[in-house]
Amino acid sequence: MPIIVQKYGGSSLATPAHIKQVAELIKQRLKTGVQLCIVVSAMGKNTNQLLALAHEISKNPIRRELDMLLSCGERASMALLAMALDGLGVPSMSLTGSQSGIITDSTHSGAQIIEVRPSRVQEGLDQGKVVIIAGFQGVSINKEITTLGRGGSDTTAVAMAAALGADACEIYSDVAGVYSADPRIIADPKHIEQLSYDHMLELASSGAKVLNAQAVQFAKLKNIEIKARKTGDERGETLILNEASAFAKPSPFAKATGDKLADTAISIAVQEQLFCFAYEKTESLANLLNALDQLDIKPSQIIGTNTGYCLVAPEDAHGLSKLVPPVGISQMPDCASVSLIGNNLGNDMRVLSLALARMQAMQVRVLGITSSNLRLYFLIEPAKVHELVRALYRENIQ
Ligand code: ADP
Ligand code: ASP
Ligand code: MG
């Protein structure tokens, strides 16, 4: 029987009614003759609530204890879903990340999966049960509970799909896959039917939370095709797959550009709150990297700015307030980023000129720029970020 891994995100499990709806969807899907391994996120905004609780108790919560706390969100979801399935007469079994064999490195709140030993999951499936896994968590080689970073349940799903040799990996959220922009910022963005791993990776690491960047990286490595869908509505989906397949099948993007790789943007992404550290000399950078390493914080990138360089911290870095900036390093005021993703964008100066002109007209201060083959990235002052996204969308994508 085919094995399908499905992941349901927080908004799909926000209330008991949502959980019962997911249980019903699972029951219906079983009728198609498949084995189901279900990865769950914490209910609604539960992870944020737990984080806020931690910060009420401590300004700098201990990272180990933060992982102990945050991992409870997904555990609550898995147990409740198992109860809902029981109510429908569907046999199931819930497992924590550690019970599912998700082995990670020992970085708290940003762990990387290093191995998956899915024997208990496979056993449960062989017994005819739906196996429900708490996403976003694992156990380190030192037997400590770890979490995978915000949005990490997607990674659990992809890693489990790879370990089980699953026939499909379906990620369910409140949107029917990936669009040309965040539907919360751009009304009626274009739906993207398929996207290569590399495009999706750029999008995810530029702030499009619809899929987690580590999950996409894992999928690329293991060649797992991701189907991103909306819970309870299977009419639209986005397939994330390798480049050859992405361009082999027709898609709205392919139709718009013909066979040629066009110098056009296909999507825009935004990060609204970034912490950046400015420096002028590379000698200071080594000290900063050391100081961040002591706090287990992995910087996301380095970019050239108007006054030198800056190092960008990951969006969900915990414990940054503990950092004592080394000599030659200063923390910048809050920053935001806007990224255009597409083919050959970094080589197409027309898009860059147009964007710079727009920012000048809107009096948006550009703090730094990077370009690569697939992405044009602007670090800016955050004041008018949504207005800017809408203007750039109109000019480059609409
Ligand atoms: P879940 O809780 O199910 O994991 P997320 O909130 O992590 O869901 O991801 C879904 C959200 O991603 C959507 O509600 C949407 O606001 C946001 N999003 C950002 N960029 C995009 C995009 N390009 N396409 C679709 N959704 C996007
Ligand atoms: N619950 C975690 C978060 O909010 C993980 C996830 O949703 O994937 O980040
Ligand atoms: Mg998510």
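In this text the structure is predicted, and so the values were computed from the model without any measurement. Whatever order the structure lists ligands and atoms in, that order sets their numbers, starting from 1. Residues take their numbers from the sequence shown, with the count starting at 1.
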Novice: Could you tell me, atom by atom, which parts of ligand 1 come under 4.0 Å of a heavy atom of Val178?
Specialist: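 Those qualifying, in numeric order: 24 (N).
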Novice: Distance under 4.0 Å, heavy atoms only, partner ligand 2: which residues pass?
Specialist: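 Residues near ligand 2: Ser41, Ala42, Thr47, Glu74, Phe136, Arg150, Gly151, Gly152, Ser153.
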Novice: Ser140 side chain to Asn142 main-chain N or O, any donor-acceptor pair under 3.5 Å?
Specialist: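 Yes, Ser140 side chain to Asn142 backbone: donor-acceptor pair under 3.5 Å.
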Novice: Answer whether the closest heavy-atom distance between the side chains of Ser71 and Thr96 falls below 4.5 Å.
Specialist: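 SC-SC contact between Ser71 and Thr96 ruled out.
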Novice: Do Glu272 and His386 meet the criterion of a side-chain donor-acceptor pair at a distance under 3.5 Å?
Specialist: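 Per modelled atom types, Glu272 and His386 side chains form a pair under 3.5 Å.
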Novice: Could you identify the single nearest non-hydrogen protein atom to atom 7 (O) of ligand 1 and state the distance to 0.1 Å?
Specialist: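 Looking only at protein heavy atoms, the one closest to atom 7 (O) of ligand 1 is Lys209 O, 3.3 Å.
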Novice: Only heavy atoms of Ala208, strictly under 4.0 Å: list the atoms of ligand 1 that pass.
Specialist: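 Going through ligand 1 atom by atom, the ones under 4.0 Å from Ala208 are 19 (C), 20 (N).
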Novice: Consider only side-chain N and O atoms of Lys220 and Gln217, and report whether a donor and an acceptor are under 3.5 Å apart.
Specialist: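 No, Gln217 and Lys220 have no side-chain donor paired with an acceptor closer than 3.5 Å.
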Novice: How far is atom 24 (N) of ligand 1 from its nearest protein heavy atom, and which residue and atom name does that atom have?
Specialist: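 Here the nearest protein heavy atom works out to Tyr179 N, 3.0 Å.
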Novice: Measuring from the heavy atoms of Pro183, does anything fall under 4.0 Å of ligand 1?
Specialist: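 So Pro183 counts as touching ligand 1.
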Novice: With a 6.0 Å cut-off (strictly less than), is the heavy-atom count around CD of Gln363, excluding the residue itself, greater than 12?
Specialist: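 No, not enclosed.
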Novice: Which protein heavy atom lies closest to atom 2 (O) of ligand 1, and at what distance to 0.1 Å?
Specialist: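 Heavy-atom neighbour on the protein nearest atom 2 (O) of ligand 1: Gly10 N, 3.3 Å.
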Novice: Does a side chain donor of either Ser153 or Ser41 reach within less than 3.5 Å of an acceptor in the other side chain?
Specialist: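 A pair is found: one side chain offers a donor N or O, the other an acceptor, under 3.5 Å apart.
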Novice: Relative to atom 27 (C) of ligand 1, which among Val270, Thr238, Val210 owns the nearest non-hydrogen atom?
Specialist: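 Closest candidate by heavy-atom distance is Val210.
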Novice: Looking only at heavy atoms of Ser41, does any of them come nearer than 4.0 Å to an atom of ligand 1?
Specialist: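 No, that is not the case, since the closest heavy atom of the residue is not under 4.0 Å from the ligand.
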Novice: Take atom NZ in Lys222; do more than 12 heavy atoms of anything else shown fall under 6.0 Å from it?
Specialist: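 Check fails, neighbour count at 12 or below.
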Novice: Checking a contact table here: which protein heavy atom is nearest atom 8 (O) of ligand 1, and how many Å away?
Specialist: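 Here the nearest protein heavy atom works out to Ser173 CB, 3.7 Å.
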Novice: Among Arg63, Arg150, Arg64, find the residue that satisfies the side chain to side chain donor-acceptor pair (under 3.5 Å) test when tested with Ser109.
Specialist: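 So, applying the side chain to side chain donor-acceptor pair (under 3.5 Å) to Ser109 and each of Arg63, Arg150, Arg64, only Arg63 qualifies.
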Novice: Which atoms of ligand 1 sit under 4.0 Å from any heavy atom of Gly9?
Specialist: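 Those of ligand 1 that fall under 4.0 Å from Gly9 are 1 (P), 2 (O), 3 (O), 4 (O).
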Novice: Give a yes or no on this: more than 12 heavy atoms of other residues, nucleotides or ligands lie within 6.0 Å of atom CD1 of Ile62.
Specialist: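 Not buried by this count: 12 neighbours or fewer within 6.0 Å.
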Novice: Does any part of the side chain of Tyr8, heavy atoms only, come nearer than 4.5 Å to the side chain of Ile38, both counted from C-beta?
Specialist: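 A side-chain contact exists here, since the closest heavy-atom pair is under 4.5 Å.
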Novice: Within the side chain of Gln35, is there an N or O that forms a donor-acceptor pair under 3.5 Å with the backbone of Leu125?
Specialist: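 Side chain of Gln35 to backbone of Leu125: a pair is present.
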Novice: Relative to the heavy atoms of Lys7, which atoms of ligand 1 are at a distance of less than 4.0 Å?
Specialist: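 Atoms satisfying the 4.0 Å criterion: 4 (O).
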Novice: Got a sec: does the NZ of Lys20 have more than 12 other heavy atoms crowding it under 6.0 Å?
Specialist: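 Atom NZ in Lys20 is not crowded, with 12 or fewer foreign heavy atoms closer than 6.0 Å.
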Novice: Relative to the heavy atoms of Asp174, which atoms of ligand 1 are at a distance of less than 4.0 Å?
Specialist: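 Checking each atom against Asp174, I get 10 (C), 11 (C), 13 (C), 14 (O).
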Novice: Is there side-chain contact between Val327 and Asn287, with heavy atoms separated by less than 4.5 Å?
Specialist: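 No, every pair of side-chain atoms sits at 4.5 Å or beyond.
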Novice: What protein heavy atom lies closest to atom 25 (C) of ligand 1? Include the residue and the distance to one decimal.
Specialist: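 Scanning the protein heavy atoms, the shortest distance from atom 25 (C) of ligand 1 goes to Gly177 O, 3.3 Å.
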Novice: Using heavy-atom distances, let me know which of Gly135, Ala181, Ser180, Ala269 sits nearest atom 22 (C) of ligand 1.
Specialist: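 The nearest heavy atom belongs to Ala181.
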Novice: Here's a test for you: under side chain to side chain donor-acceptor pair (under 3.5 Å), which of Thr146, Thr107, Thr147 qualifies with Asp67?
Specialist: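 Exactly one option meets the side chain to side chain donor-acceptor pair (under 3.5 Å) with Asp67, and it is Thr147.
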Novice: Go through ligand 1 atom by atom and flag the ones less than 4.0 Å from a non-hydrogen atom of Arg184.
Specialist: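 Result: 13 (C), 14 (O), 15 (C), 16 (O).
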Novice: Of the protein's non-hydrogen atoms, which lies at the shortest distance from atom 15 (C) of ligand 1, and what is that distance?
Specialist: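 For atom 15 (C) of ligand 1, the nearest protein heavy atom comes out as Asp182 OD1, 3.3 Å.
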